[in-house]
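Residues: numbered from 1 along the sequence shown. What you see is a predicted model; the values in this text were computed from it and never measured.
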Amino acid sequence: MKVLILNSGSSSIKFQLIEMPQEEVICSGLVERIGFKDAILTYKTNANEYKETLEIENHQKGLEMVSANIMDPEKGVVKDASEIEAVGHRVVHGGDAFSATTLITDEVKDKLREFTNLAPLHNPHNLKGIEIAEKIFASAKQIAVFDTAFFQTMPVKARKYAIPNKFYSEHGIKLYGFHGTSHKYVTEKARDYLENTSNTNIITVHLGNGCSITAVKNGKSIDHSLGFAPSNGLIMGSRSGDIDHSLIFYLVNDLGYELDQVNKMLTNESGMLGLTGYSDLRDIEAEAEKGNADCKLALDMNVYRIKKYIGAYVAALNGLDAIVFTAGIGENSSYIRQEVCTDMDYFGLELDKTKNDTRSKGIREINKTSSKVKILVIPTNEELEIAKQSYQLLH
């Protein structure tokens, strides 16, 4: 069966059409810079690759262009929308209501609207993608795959905050976790690579514009850096990660900021952007090489935060078999990987610089032969993971 995977972000739509259960990618692509006159549409099949710069006003127009390319008489891969039997959607926050992949109904959409404030950068756009896809692919089953689902195995001692119990029991305030489809996908790949699916201690490090790190014991998550919303933990592209919450009260009570201003600052204007003025790590690394002190310090802070979490998670796991780097930065920044693994010999990490600097598309091992812990780079494939879960739900 053909499953269309949609990952609808704030200004982009990633898509793949996958034949299941063969896991064969029929076509894939990306619509980026939605809302701008110089938006970019990329569309790939096994035979061709097509790229166009044009104005794409909104997500409705973007998804219409995706479907038009998929069904195009010359470069398309299906003749009619009815050939697509299911559409799998990435949904960032499932709250307390969804702990597994779910068939989308009106009731499900109503629940997702309730979670808008929990993931304001993601959930509204995820929901918009669902609503548009329901119209374009009317005969297909619409399925939601939640980033939060992988973290349902975390023990209460790791999920619960040290605030009055009623907030946990009555309001569901706890650690939910995010990037779950990515962490789940690379965990399974790592366990297959290690050829040990029974007893493994793995730390998965997802580094992109959003960043998170997960402690995984025997394939189950036991701790995770993001929490009630995708804003704390590691330093991210524009999000601060961990801060002392009293800072918020100081900004409001002493410096005169409104709460909405503080929220915007911590979500959209902090992290690497706030520290350097740059949002792209490639620019930050380049500037640091030129001697930009702010960029060098920001990189040092970023790395230091990751190393602190690794240390904590080694303790939580009581051992470590492998560290996995994934996502845009994790897969492509040899500098970040090198710095994270430097001076970590106490934990058994020995990085091979030549292997680390060598690029490849598949899973690769970048540790020295003598390293007690495997250091792996595993390209994430959230779209394939969503396709697998969608197929399993329908079968």
- [ ] Please test Asn367 against Lys355 for side chain to side chain donor-acceptor pair (under 3.5 Å), starting from the C-alpha separation and ending with a verdict.
- [x] CA-CA 7 Å; Asn367 53 274; Lys355 291 179 182 177; over 6 Å; no
Main chain of [Y], side chain of [X]: is a donor-acceptor contact present, judged purely on distance under 3.5 Å?
| X | Y | value |
| --- | --- | --- |
| Ser270 | Met265 | yes |
| Arg359 | Asn332 | yes |
| Asn69 | Met65 | yes |
| Thr214 | Ser221 | no |
| Asp321 | Asn201 | yes |
| Asp242 | Gly233 | yes |
| Glu19 | Met1 | yes |

Does the side chain of [Y] come within less than 4.5 Å of [X]'s, by heavy atoms?
| X | Y | answer |
| --- | --- | --- |
| Tyr43 | Val77 | yes |
| Ser212 | Phe178 | no |
| Glu23 | Met20 | yes |
| Met236 | Asn209 | no |
| Leu259 | Val252 | yes |
| Ile143 | Val3 | no |
| Ile56 | Arg33 | no |
| Ser279 | Met272 | no |

Atom [atom1] of [X]: over 12 foreign heavy atoms under 6.0 Å:
| X | atom1 | value |
| --- | --- | --- |
| His171 | NE2 | yes |
| Tyr278 | OH | no |
| Glu258 | CD | no |
| Lys75 | NZ | yes |
| Lys307 | NZ | yes |
| Lys217 | NZ | yes |
| Tyr304 | OH | no |
| Asp260 | CG | no |

Quick check: closest heavy atoms across [X] and [Y], and the distance to 0.1 Å?
| X | Y | value |
| --- | --- | --- |
| Ile202 | Thr187 | CD1-O, 4.4 Å |
| Ile310 | Ile203 | O-CD1, 3.8 Å |
| Ile222 | Pro155 | O-CD, 3.5 Å |
| Thr101 | Gln389 | OG1-OE1, 2.8 Å |
| Ala86 | Leu394 | CB-CD1, 3.7 Å |
| Val373 | Phe347 | CG2-O, 3.3 Å |

Output the distance between atom [atom1] ([X]) and atom [atom2] ([Y]), rounded to the nearest 0.5 Å.
| X | Y | atom1 | atom2 | answer |
| --- | --- | --- | --- | --- |
| Lys296 | Glu289 | NZ | CD | 11.0 Å |
| Lys109 | Leu127 | NZ | CG | 7.5 Å |
| Thr267 | Arg239 | OG1 | CZ | 7.5 Å |

TODO: Measure up the His179 and His206 rings against each other and bin them: parallel (under 30°), tilted (30 to 60°), perpendicular (over 60°).
DONE: parallel
Task: Parallel, tilted or perpendicular: ring planes of Tyr309 versus Tyr313, cut at 30 and 60 degrees - done: perpendicular
Do [X] and [Y] share a hydrophobic cluster, counting only Ile, Leu, Val, Met, Phe, Trp and Tyr and linking them when any side-chain heavy atoms are less than 4.5 Å apart?
| X | Y | result |
| --- | --- | --- |
| Leu207 | Met344 | yes |
| Val205 | Leu226 | no |
| Leu297 | Leu281 | yes |

Task: Sole residue of Thr45, Leu41, Asp72, Thr42 in side-chain contact (heavy atoms from CB on, under 4.5 Å) with Tyr50 - done: Leu41
Open item on the list: Between Glu195 and Lys374, is the salt bridge (charged side-chain N to carboxylate O under 4.0 Å, His left out) condition met? List the steps.
Closed with: CA-CA 12 Å; Glu195 297 181 344; Lys374 298 291 186 185; over 6 Å; no
Task: Lys/Arg cation over aromatic Phe150: Lys184, 6.0 Å, 45° cone - done: no
TODO: Identify whether the distance between the nearest side-chain nitrogen and carboxylate oxygen of Glu287 and Lys290 falls below 4.0 Å.
DONE: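 Judged by the 4.0 Å cut-off on N to carboxylate O distance, Glu287 and Lys290 do form a salt bridge.
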Open item on the list: Quick one, Thr380 with Ser182, criterion side chain to side chain donor-acceptor pair (under 3.5 Å). Give me CA distance, side-chain angles, the key distance, then yes/no.
Closed with: CA-CA 6 Å; Thr380 192; Ser182 176; 2.9 Å; yes
